[in-house]
Amino acid sequence: MPRPRPAVHPTLALAGWCPLSLAGAQTTQLLVEPPWTPPVLWDRVTLTCQGSGTAGATTWYKDGQRWWLQGPDRVIVTESGTYQCDRAGTGLSPSVSVSNAWLVLQVPARALLEGDTVTLRCRGWQDKPVTSVSFYREEKQLQRFHNGTELSLSPLQLKDSGRYRCRGSVYYVVSQWKESAPVTVTVHVAAGVGGSLLFLVLLLGVIGGCHWWHHLACRKHPER
C-alpha cells in the first residue's frame with residue numbers, strides 16, 4: 001500500500017485548520033484541511049497530527065492497520081480510507097474517514113453552535129454535475145432542488161441535531177441516481193448562552209436564599 005506524501009506547505013493558515021474532536025488539549029488531535037466532514041479524496045486533503053512528543057515521531061494508521069512508523073506530523077492523503085495518528089505523549093487520535101464515493105454530503109468540520117448558520121453541501125464524485133438533489137434528516141425529506149446542491153440551516157437549533165443524507169442524479173457519461181452515506185450533525189448550546197443561564201440560576205438562588213434568611217430572622221426576632 002503506498003504511503004501518503006508529506007505535506008510541503010508549512011505556511012498553511014492555522015485559521016483553516018479545524019479539530020475533529022471536542023476533547024481537551026491533552027489529547028492527540030487529527031486536523032483536516034479543507035475543513036469539511038467527511039473530507040473527499042479529490043480535494044487534496046491534508047491531515048495534521050497534533051499532540052505532545054517529539055516532532056516527526058508520529059505513527060499513522062489506515063483502516064485500523066499501522067502503515068507508517070515515525071512518520072511526519074502532516075501528510076497529503078492519496079487514498080480513501082479511515083485515518084488515525086498516534087503521538088507518544090497524548091496517544092491515539094480520533095479517526096477521520098476520507099471518502100471517494102459517488103455522492104457525498106459534507107458539513108463543516110467545526111463545533112456547530114445554537115444560533116449559527118451552517119451549510120450542508122451535496123457533491124458528486126470528482127465534482128461531477130448533480131441535479132434533482134433531495135436532503136433528508138433521519139427519514140424525513142427536508143428540501144428538494146432541481147439544480148441546487150446546498151442546504152442552509154439558519155439559525156441552528158438543538159432540534160436540528162440528527163443524521164443527514166442527500167440523494168441526487170450524478171452525471172458521468174449517463175445520469176445515475178446515487179445516495180450519500182449519512183452524516184451526523186450535533187448542535188451544541190453556545191457557551192455564552194450556557195454561561196448566562198448559569199449566572200441567572202445562581203442569581204436566583206442567592207436572591208431566594210437571602211429572602212429565606214430574612215424571613216427566618218424576622219420569625220426569630222419579631223418587632224416589639
Thr46/Arg74 under side chain to side chain contact (heavy atoms under 4.5 Å, CB included): CA gap, chis, key distance, verdict: CA-CA 7 Å; Thr46 300; Arg74 184 182 302 165; 3.5 Å; yes

From CA spacing to verdict: side chain to side chain contact (heavy atoms under 4.5 Å, CB included), Glu139, Arg165: CA-CA 9 Å; Glu139 297 304 318; Arg165 59 188 173 88; 3.2 Å; yes

CA sep, side-chain torsions, deciding dist, call: Asp160, Arg137, side chain to side chain contact (heavy atoms under 4.5 Å, CB included): CA-CA 8 Å; Asp160 291 323; Arg137 183 178 67 238; 4.0 Å; yes

Worked verdict on Gln50 versus Leu31 for side chain to side chain contact (heavy atoms under 4.5 Å, CB included): CA-CA 8 Å; Gln50 285 193 343; Leu31 313 182; 3.3 Å; yes

From CA spacing to verdict: side-chain hydrogen bond (donor to acceptor under 3.5 Å, both in side chains), Thr27, Gln29: CA-CA 6 Å; Thr27 61; Gln29 299 293 326; 2.9 Å; yes

Derivation of the ring pair (Phe, Tyr, Trp, His ring centres under 6.0 Å) call for Tyr83 and Trp68: CA-CA 11 Å; Tyr83 293 82; Trp68 200 341; over 10 Å; no

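Between Pro182 and Arg163 the shortest heavy-atom distance is CG-NH2, 3.0 Å. Contact detail for Ser99 and Ser80: the closest heavy-atom pair is C-CB, 4.3 Å. When every heavy atom of Leu30 is checked against every heavy atom of Ser93, the shortest pair comes out as CB-OG, 3.8 Å. The two residues Tyr164 and Leu153 have their closest heavy-atom pair at OH-CD1, 3.8 Å. When all heavy atoms are compared, the tightest approach of Arg87 to Thr58 is CD-OG1, 3.2 Å.
In this structure, the side chains of Asp43 and Leu41 stay at 4.5 Å or more apart for every pair of heavy atoms. The shortest side-chain heavy-atom distance between Thr131 and Tyr171 does not fall under the 4.5 Å cut-off. Pro108 is not listed as a side-chain neighbour of Thr119, based on a closest heavy-atom distance of 4.5 Å or more. You'll find the side chain of Trp60 stays beyond 4.5 Å of the side chain of Asp86, heavy atoms only. For the pair Leu156/Thr117, no side-chain contact is recorded, criterion being any heavy-atom separation below 4.5 Å from C-beta on. Two residues are said to be in side-chain contact when any heavy atoms from C-beta on lie closer than 4.5 Å; Ser132 and Arg144 meet this criterion. Under the 4.5 Å side-chain criterion, counting only non-hydrogen atoms from C-beta, Arg121 is in contact with Trp36. With a 4.5 Å cut-off on side-chain heavy atoms, Val189 and Leu158 count as touching.
A distance of 7.5 Å separates CZ in Arg167 from OG in Ser134, rounded to the nearest 0.5 Å. The distance from atom CG of Leu103 to atom SG of Cys166, rounded to the nearest 0.5 Å, is 4.0 Å. From Tyr136, atom OH reaches atom CD of Glu179 across 7.0 Å, with rounding to the nearest 0.5 Å. The CD atom of Gln157 lies 12.5 Å from the CG atom of Asp116; values are rounded to the nearest 0.5 Å. The CH2 atom of Trp42 sits 6.5 Å away from atom CG of Asp127, with the distance rounded to the nearest 0.5 Å. Put simply, CG on Leu151 and CG on Leu105 are 8.5 Å apart, with the number rounded to the nearest 0.5 Å.
Under the 4.5 Å side-chain heavy-atom criterion for ILVMFWY residues, no single connected hydrophobic cluster contains both Leu120 and Leu113. A continuous path of Ile, Leu, Val, Met, Phe, Trp and Tyr side chains, each step under 4.5 Å between heavy atoms, connects Val183 with Val133, placing both in one hydrophobic cluster. Under a hydrophobic-cluster definition in which Ile, Leu, Val, Met, Phe, Trp and Tyr are linked whenever side-chain heavy atoms come within less than 4.5 Å, directly or via other members, Val32 and Leu92 are assigned to different clusters.
In this structure, the side chain of Lys178 does not engage the main chain of Val130 through any donor-acceptor pair within 3.5 Å. Between the side chain of Thr28 and the backbone N or O of Gly91 there is at least one donor-acceptor pair closer than 3.5 Å. Under the 3.5 Å distance criterion, the side-chain polar atoms of Ser175 are left unmatched by any main-chain donor or acceptor of Val170.
In summary, the side chains of Ser97 and Thr82 do present a donor paired with an acceptor at a separation below 3.5 Å, with no hydrogens or angles considered.
Atom CD of Gln141 has more than 12 neighbouring heavy atoms from other residues, nucleotides or ligands inside a 6.0 Å radius. For Gln65, the CD atom counts as loosely surrounded, since its 6.0 Å shell holds 12 or fewer non-hydrogen atoms of other residues, nucleotides or ligands.
The existence of a salt bridge linking Glu150 and Arg123 is excluded, since no basic side-chain nitrogen approaches an acidic carboxylate oxygen closer than 4.0 Å.
Ring geometry, Trp125 versus Trp102: the interplanar angle falls from 30° to 60°, so the pair is classed tilted.
Taking the ring axis of Tyr61 as reference, the NZ or CZ atom of Arg66 does not stay both within 45° of it and closer than 6.0 Å to the ring centre.
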